[in-house]
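Report on the structure given below.
Everything numeric here is computed off the predicted structure, so don't read it as measured data. Both backbone and side-chain heavy atoms feed into the values below; hydrogens, waters and symmetry mates do not. If you read the sequence from its start, that first residue is 1, and numbering goes on from there. One-based numbering, in listed order, for ligands and for the atoms of each.
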Amino acid sequence: MNDKELYIKATAAAENAYAPYSDFRVGAAVLTMDGEVFLGANVENASYGATICAERVAIASAVAAGNRDFEAIAVTAPPCGICRQFIFEFGDNIRVITGPDADHLESETISALLPGGFHL
Ligand code: THU
């Protein structure tokens with residue numbers, strides 16, 4: 001699975017976003033070291049702070065299915081600070097793939113995107 005294929009899956013996942021408040025749909029696709037892909041979309045809430053971002057939905061889905069080793073995550077918007085910390089939890093070298101579209105992708109490690117990320 002290359003970066004473009006993973007990003008296209010994230011784009012498809014964005015269609016399932018529940019975003020009635022912001023109307024800003026985000027999709028994410030996380031690639032495990034075993035080559036499996038788990039999808040996420042943002043899920044908003046009338047109590048705005050209860051909203052969960054696409055990246056965290058994708059990673060939580062993967063973890064719930066028994067996966068904790070990730071190679072990369074593609075997301076259709078730049079990851080917010082909470083999501084950067086959430087990704088960092090599972091490895092400093094996870095690549096984060098973003099872009100305005102599948103033909104203009106950038107990738108950077110999570111440790112570059114979150115200098116000084118917190119670990120116990
Ligand atoms: N959002 C994400 O899903 N991921 C991010 O990293 C940035 C923000 C969502 C949260 C909210 O539903 C909407 O985008 C607008 O902030």
Could you go through E36 and V30, starting from their C-alpha distance and side-chain angles, then the distance that decides it, and tell me whether this counts as side-chain contact (heavy atoms from CB on, under 4.5 Å)? CA-CA 8 Å; E36 275 190 271; V30 65; over 6 Å; no

Atom 8 (C) of ligand 1: closest protein heavy atom, distance to 0.1 Å, is C53 SG, 3.9 Å

Closer than 4.0 angstrom: is that true for some heavy atom of P78 and an atom of ligand 1? yes

Show the atoms of ligand 1 that are less than 4.0 angstrom away from any heavy atom in S22. 13 (C), 15 (C)

With respect to A77, determine whether any N or O atom, backbone or side chain, lies less than 3.5 Å from an N or O atom of ligand 1. no

What's the shortest distance from atom 9 (C) of ligand 1 to any protein heavy atom, and which residue and atom give it? N42 ND2, 3.6 Å

Any non-hydrogen protein atom below 4.0 Å of atom 3 (O) of ligand 1? yes

Test: ring pair (Phe, Tyr, Trp, His ring centres under 6.0 Å). Region: residues 11-63. Which pairs qualify, not counting sequence neighbours? Y21-Y48

Using a strict 4.0 Å cut-off to heavy atoms of E44, name the atoms of ligand 1 that fall inside it. 11 (C), 12 (O), 13 (C)

Has P79 got any heavy atom lying under 4.0 angstrom from an atom of ligand 1? yes

Backbone N/O of T11 and side chain of T76: donor-acceptor pair under 3.5 Å: no

Pairs where residues 78-102 contributes a residue and the test side chain to side chain donor-acceptor pair (under 3.5 Å) is met, not counting sequence neighbours: D3-R95, R95-S107, D101-H104

Students should be able to answer this: which protein heavy-atom is nearest to atom 16 (O) of ligand 1, and at what distance? F24 CD2, 4.8 Å

Atom indices of ligand 1, in the order listed, that fall short of 4.0 Å to a heavy atom of C80: 5 (C), 6 (O)

Would you check, one step at a time, whether the test side-chain contact (heavy atoms from CB on, under 4.5 Å) holds for E44 with T51? CA-CA 4 Å; E44 296 186 344; T51 291; 3.7 Å; yes

Atom indices of ligand 1 within 4.0 angstrom of E55 heavy atoms, with elements: 2 (C), 3 (O), 4 (N), 5 (C), 6 (O)

Can you name the nearest heavy-atom pair linking G40 to A13, along with the distance? O-CB, 3.4 Å

So if I count the atoms of ligand 1 from 1 in the order they appear, which ones are less than 4.0 Å from some heavy atom of A54? 2 (C), 3 (O)

Verify, without hydrogens or angle tests, whether T109 (side chain) and I94 (backbone) share a donor-acceptor contact under 3.5 angstrom. no

Worked check of side-chain contact (heavy atoms from CB on, under 4.5 Å) between V37 and E5: CA-CA 11 Å; V37 175; E5 290 167 335; over 6 Å; no

